[in-house]
Amino acid sequence: MTASFTMYSTPWCGYCHRLKSQLDREGIAFEMVDIEQHPEFVELVEKVNNGNQTVPTLVYSDGSAQTNPSLIQVKDKLASLA
């Protein structure tokens with residue numbers, strides 16, 4: 001299965017670590033981008049979050065985004081894309 005969303009995160013973000021482990025446990029494929037290692041994505045995260053660098057920010061294949069979603073919100077979104 002190909003990744004249908006990208007998670008933008010930082011190494012120190014507890015919410016990012018929690019969501020990543022939940023997604024891994026569920027076998028949900030995604031791409032992960034550390035915005036500290038790849039600062040070219042900071043502007044995208046800020047654009048989605050009204051100027052804030054809020055992570056985790058998930059951007060889906062349809063261009064929509066979620067900020068700090070629950071596992072259930074991610075699964076619902078993926079179901080709507082399927």
Side-chain angles (χ1 to χ4, degrees):
M1 176 180 159
T2 53
S4 48
F5 67 90
T6 301
M7 180 193 300
Y8 297 94
S9 68
T10 60
W12 46 264
C13 168
Y15 297 109
C16 300
H17 289 289
R18 184 183 71 208
L19 184 57
K20 180 186 182 316
S21 34
Q22 291 171 335
L23 293 165
D24 288 346
R25 218 175 18 253
E26 294 286 325
I28 297 171
F30 62 98
E31 185 181 343
M32 187 120 154
V33 175
D34 176 348
I35 64 171
E36 290 188 342
Q37 296 295 317
H38 300 280
E40 64 271 23
F41 292 106
V42 168
E43 191 175 319
L44 170 74
V45 171
E46 289 177 341
K47 186 175 152 212
V48 170
N49 295 295
N50 301 315
N52 298 309
Q53 289 182 30
T54 309
V55 288
T57 294
L58 279 58
V59 178
Y60 294 89
S61 56
D62 67 353
S64 67
Q66 290 177 318
T67 303
N68 196 14
S70 68
L71 179 62
I72 290 160
Q73 289 172 310
V74 174
K75 287 172 133 181
D76 287 348
K77 179 62 186 178
L78 293 174
S80 79
L81 292 173

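Just so we're clear, the structure is a prediction, and the values are computed from it rather than from any experiment. Throughout, numbering of the chain's residues begins at 1 and tracks the sequence.
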First locate atom [atom1] of [X], then atom [atom2] of [Y], and finally report the distance between them rounded to the nearest 0.5 Å.
{"X": "L58", "Y": "L23", "atom1": "CG", "atom2": "CG", "value": "7.0 Å"}
{"X": "Q37", "Y": "M32", "atom1": "CD", "atom2": "CE", "value": "11.5 Å"}
{"X": "C13", "Y": "K20", "atom1": "SG", "atom2": "NZ", "value": "13.0 Å"}
{"X": "H17", "Y": "T10", "atom1": "NE2", "atom2": "OG1", "value": "7.0 Å"}
{"X": "N49", "Y": "L44", "atom1": "CG", "atom2": "CG", "value": "9.0 Å"}
{"X": "K77", "Y": "S4", "atom1": "NZ", "atom2": "OG", "value": "10.0 Å"}

Review point. Between F30 and F5, what is the ring plane arrangement, given parallel below 30°, perpendicular above 60°, and tilted in between?
Key: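 Ring orientation of F30 relative to F5: parallel.
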Check your understanding: Do Q22 and L19 pass the side-chain contact (heavy atoms from CB on, under 4.5 Å) test, and can you show the C-alpha distance, the side-chain angles, and the key distance before you say yes or no?
Key -> CA-CA 5 Å; Q22 291 171 335; L19 184 57; 3.8 Å; yes
Exercise for review: Take T54 and N68, measure what side-chain contact (heavy atoms from CB on, under 4.5 Å) needs, and give me the verdict at the end.
Suggested key: CA-CA 8 Å; T54 309; N68 196 14; 5.5 Å; no
Check your understanding: Can you name the side-chain contact (heavy atoms from CB on, under 4.5 Å) partners of K47, sequence neighbours left out?
Key ->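 For K47, no residue satisfies side-chain contact (heavy atoms from CB on, under 4.5 Å) once neighbours in sequence are set aside.
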Practice item. Under the side-chain contact (heavy atoms from CB on, under 4.5 Å) rule, collect the residues that match up with Q73, sequence neighbours excluded. Key: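 Expected list: Q66, P69, S70.
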Practice item. Spell out, yes or no, whether I28 and Y60 are grouped together once hydrophobic residues are joined by side-chain heavy atoms under 4.5 Å, including indirect joins. Key: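 The answer is yes; both residues are in one hydrophobic cluster.
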Point to revise | Full working for side-chain contact (heavy atoms from CB on, under 4.5 Å) between Y8 and V42 | key: CA-CA 9 Å; Y8 297 94; V42 168; over 6 Å; no
Exercise for review: Take R25 and L71 through the test side-chain contact (heavy atoms from CB on, under 4.5 Å) and record every step on the way to the result.
Suggested key: CA-CA 11 Å; R25 218 175 18 253; L71 179 62; 5.8 Å; no
How close do [X] and [Y] get, heavy atom to heavy atom, and via which atoms?
{"X": "C16", "Y": "M7", "answer": "O-SD, 4.2 Å"}
{"X": "I35", "Y": "F41", "answer": "CG2-CB, 4.2 Å"}
{"X": "Y15", "Y": "P56", "answer": "CB-CD, 3.7 Å"}

**Study point:** Option passing side-chain contact (heavy atoms from CB on, under 4.5 Å) with V45 (candidates V59, T57, T67)
**Key:**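 Of all the options given, the one that passes is T57.
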Exercise for review: Can you run down the ring-ring contact (aromatic ring centres under 6.0 Å, His included) pairs that involve residues 63-82, sequence neighbours left out, and say none if there aren't any?
Suggested key: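 Qualifying pairs, neighbours excluded: none.
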